[in-house]
2 protein chains.
Amino acid sequence: MSLRSALLTLLSAGPHTGYDLAKNFHSSVGFLWHAPDSQIYPELKKMQAEELIEGYPVPWGTKGATKTEYAITKVGLEYLNTWQGQPVTYRPERSEVRLRAAYFEFADDDDARHCLENHLRHYEQVVKDIHGQIDELREQSSDFHKQRLARYPEADHAKITRFKIFAYEGILKQAEAEIEWAQDGLAMLEQLKQGASLPDR
Amino acid sequence: MSLRSALLTLLSAGPHTGYDLAKNFHSSVGFLWHAPDSQIYPELKKMQAEELIEGYPVPWGTKGATKTEYAITKVGLEYLNTWQGQPVTYRPERSEVRLRAAYFEFADDDDARHCLENHLRHYEQVVKDIHGQIDELREQSSDFHKQRLARYPEADHAKITRFKIFAYEGILKQAEAEIEWAQDGLAMLEQLKQGASLPDR
DNA sequence: CCGCACATGTAAGATGTTACATGATTGA
DNA sequence: TCAATCATGTAACATCTTACATGTGCGG
């Protein structure tokens, strides 16, 4: 049900269309909880049926066209609070890259190396992306975030921003750990290629 | 298709029953790629149909009962090699705990703290479990691993063991990053409780 | 008037979770 | 003989992925 919570957290900043929300899943929240467009629209309908949000048509363009905007309800806000009180469910590990690394004896030398080089590149990109997100928060250049802060007294702004940065810092730490791991692995492969009979550690 | 690969890596150590394999998903490989029993048996059937493995009955107990043992085929071994050559698909982030942390403003003080304390405990347990796994490999106390090594010349043993330890070290680094993050978070919450108007960082 | 952003989905299939179900064997 | 382990699943559901599908509005 995290998709639901993610949508509600976005809507707690103010009313938005499904499209607005979907866009955010390509950046901001998307770095914490990803969801494709195809999941978002149906979920919004379900949430509306359960009165966590309400949808209403707003004019779009010059002709009589409309789009649907959704706003969080009181029930929705309560949902968020309840959600925060429930224990997190830790899903068991499922790491393709780790599984591969454990069985590199089935990989050609180049494949193993490419795997780790790619891993490195991937997480270097993550680091960049997350730094970008953190900068956006610090510089208040995110419309969503500005909108959110506007709903709270000034005294709370630092705290609310801090939470988001804290979450991103978690991803950052993860990514940095992955980068270190990949580098260690590349060193290990290099050592093995020298034919050295290396110790376990 | 990682479930498939995980099963094949296990069977590459020698023939086993579905039960043997399922047990291993509760420990060893289970720390890299988890799968519940209910996924394993059907997948084995599919893999047999595709001739990646072969199943044959072996006697079980004193009466005429039998169990099915599966052995990896040449096709299965090729599959593992091909798998290692393919690019890893990086699934987009989906972290419930991170999503929560980002929106701690909806949590009661205690709920936020409990969330992070629980996070800390969870990953401390992971660290213990993984150390246990690494010790098992170092001390050669894992039957599966002994069986695996027996299929390779002595000269390769260190390397094969090294890969597995390397994979576990990755999980270890992740877990340690999570522990740091949770500790930072608890400190942050403590600071906020003091009512200090803290800086972003 | 053309292309990109805006807007809203459906549908099929793969994968994963949870709960249930059943019987044989072995060791205490 | 009783409980734990061995052995093998099914069924229902939730979730996620991938691909497809369609039309409007707006700026250059």
Side-chain angles (χ1 to χ4, degrees), chain A residues 1-7 10 15-27 29-30 32-50 53 55-70 88-96 99 143, chain B residues 1-7 10 15-27 29-30 32-50 53 55-70 88-96 99 143:
Chain A
M1 298 272 84
S2 287
L3 169 57
R4 178 161 293 205
S5 303
L7 288 167
L10 285 177
H16 290 278
T17 64
Y19 186 81
D20 284 337
L21 298 171
K23 240 192 336 179
N24 264 272
F25 277 90
H26 297 312
S27 59
V29 235
L32 308 174
W33 190 275
H34 167 83
D37 305 11
S38 63
Q39 258 191 303
I40 292 170
Y41 290 100
E43 185 64 23
L44 287 171
K45 294 245 157 138
K46 271 196 259 174
M47 287 162 70
Q48 188 179 12
E50 296 175 42
I53 60 179
Y56 45 87
V58 295
W60 181 45
T62 52
K63 307 226 162 148
T66 61
K67 55 185 178 177
T68 307
E69 231 177 49
Y70 294 97
V88 172
T89 58
Y90 286 91
R91 311 218 164 282
E93 186 77 32
R94 272 200 187 91
S95 168
E96 189 186 339
L99 181 61
D143 287 341
Chain B
M1 297 272 86
S2 287
L3 169 57
R4 180 161 291 205
S5 303
L7 287 167
L10 286 178
H16 289 279
T17 65
Y19 186 80
D20 285 338
L21 299 171
K23 240 191 338 177
N24 264 272
F25 277 89
H26 297 312
S27 59
V29 235
L32 308 173
W33 190 275
H34 167 84
D37 305 10
S38 64
Q39 257 191 307
I40 292 170
Y41 291 99
E43 185 64 22
L44 286 171
K45 294 244 157 140
K46 272 197 258 174
M47 288 162 71
Q48 187 179 13
E50 295 175 43
I53 58 179
Y56 45 87
V58 295
W60 181 43
T62 52
K63 306 224 165 153
T66 62
K67 55 185 180 180
T68 306
E69 231 177 52
Y70 294 96
V88 172
T89 57
Y90 287 90
R91 311 214 165 285
E93 186 79 32
R94 272 198 187 94
S95 167
E96 189 186 339
L99 181 61
D143 288 340

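Convention: sequence-line order gives letters A, B, ...; per-chain numbering from 1. What you see is a predicted model; the values in this text were computed from it and never measured.
- Distances shown here put a side-chain N or O of A:Thr68 below 4.0 Å from the OP1 or OP2 atom of C:dT8.
- As a whole-Å value, the separation of A:Asp20 CG from C:dC6 P is 8 Å.
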Expected rows: protein N/O vs nucleotides 22-28 of chain D N/O, under 3.5 Å:
none

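- Atom CG of B:Leu7 and atom P of D:dT8 are 13 Å apart (whole Å).
- Phosphate proximity of D:dG9 to B:Lys45: present, with a side-chain N or O under 4.0 Å from OP1 or OP2.
- Rounded to whole Å, the distance from NZ on B:Lys67 to P on D:dT5 is 16 Å.
- One interatomic measurement links the two molecules: CG of B:Leu21 to P of D:dC6, which rounds to 13 Å at whole-angstrom precision.
- Using a 4.5 Å heavy-atom threshold, the side chains of A:Val58 and A:Lys67 count as touching.
- B:His16 has its NE2 atom 18 Å from the C1' atom of D:dT8, to the nearest Å.
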Taking only nitrogen or oxygen atoms into account, show me every contact under 3.5 Å that the protein makes with nucleotides 14-18 of chain C, one pair per line with its distance.
from: C:dG16; atom 1: OP2; to: B:Gln39; atom 2: NE2; distance (Å): 3.1
from: C:dG16; atom 1: O3'; to: A:Arg94; atom 2: NH1; distance (Å): 3.2
from: C:dT17; atom 1: OP1; to: A:Arg94; atom 2: NH1; distance (Å): 3.4
from: C:dT17; atom 1: OP2; to: A:Arg94; atom 2: NH1; distance (Å): 3.3
from: C:dT17; atom 1: OP2; to: A:Arg94; atom 2: NH2; distance (Å): 2.6
from: C:dT18; atom 1: O4; to: B:Ser38; atom 2: OG; distance (Å): 2.6

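- In this structure, A:Ile40 places its CD1 atom 14 Å from C1' of C:dC6, rounding to the nearest Å.
- Between B:Asn24 atom CG and D:dA7 atom P the separation is 13 Å, expressed in whole Å.
- Regarding contacts with the backbone of D:dG9, every side-chain N or O of B:Tyr41 stays at 4.0 angstrom or more from both OP1 and OP2.
- Looking only at distances, a side-chain donor or acceptor of B:Asp20 sits under 3.5 Å from a matching main-chain atom of B:Thr17.
- Using a 4.5 Å cut-off on side-chain heavy atoms (C-beta onward), B:Phe25 and B:Asp37 make no contact.
- Rounding to whole angstrom units, CG of residue B:Asp37 and C1' of D:dA11 are separated by 15 Å.
- Of the side-chain N and O atoms in B:Tyr19, one or more sit less than 4.0 angstrom from OP1 or OP2 of D:dC6.
- With a 4.5 Å cut-off on side-chain heavy atoms, B:Leu21 and B:Leu44 count as touching.
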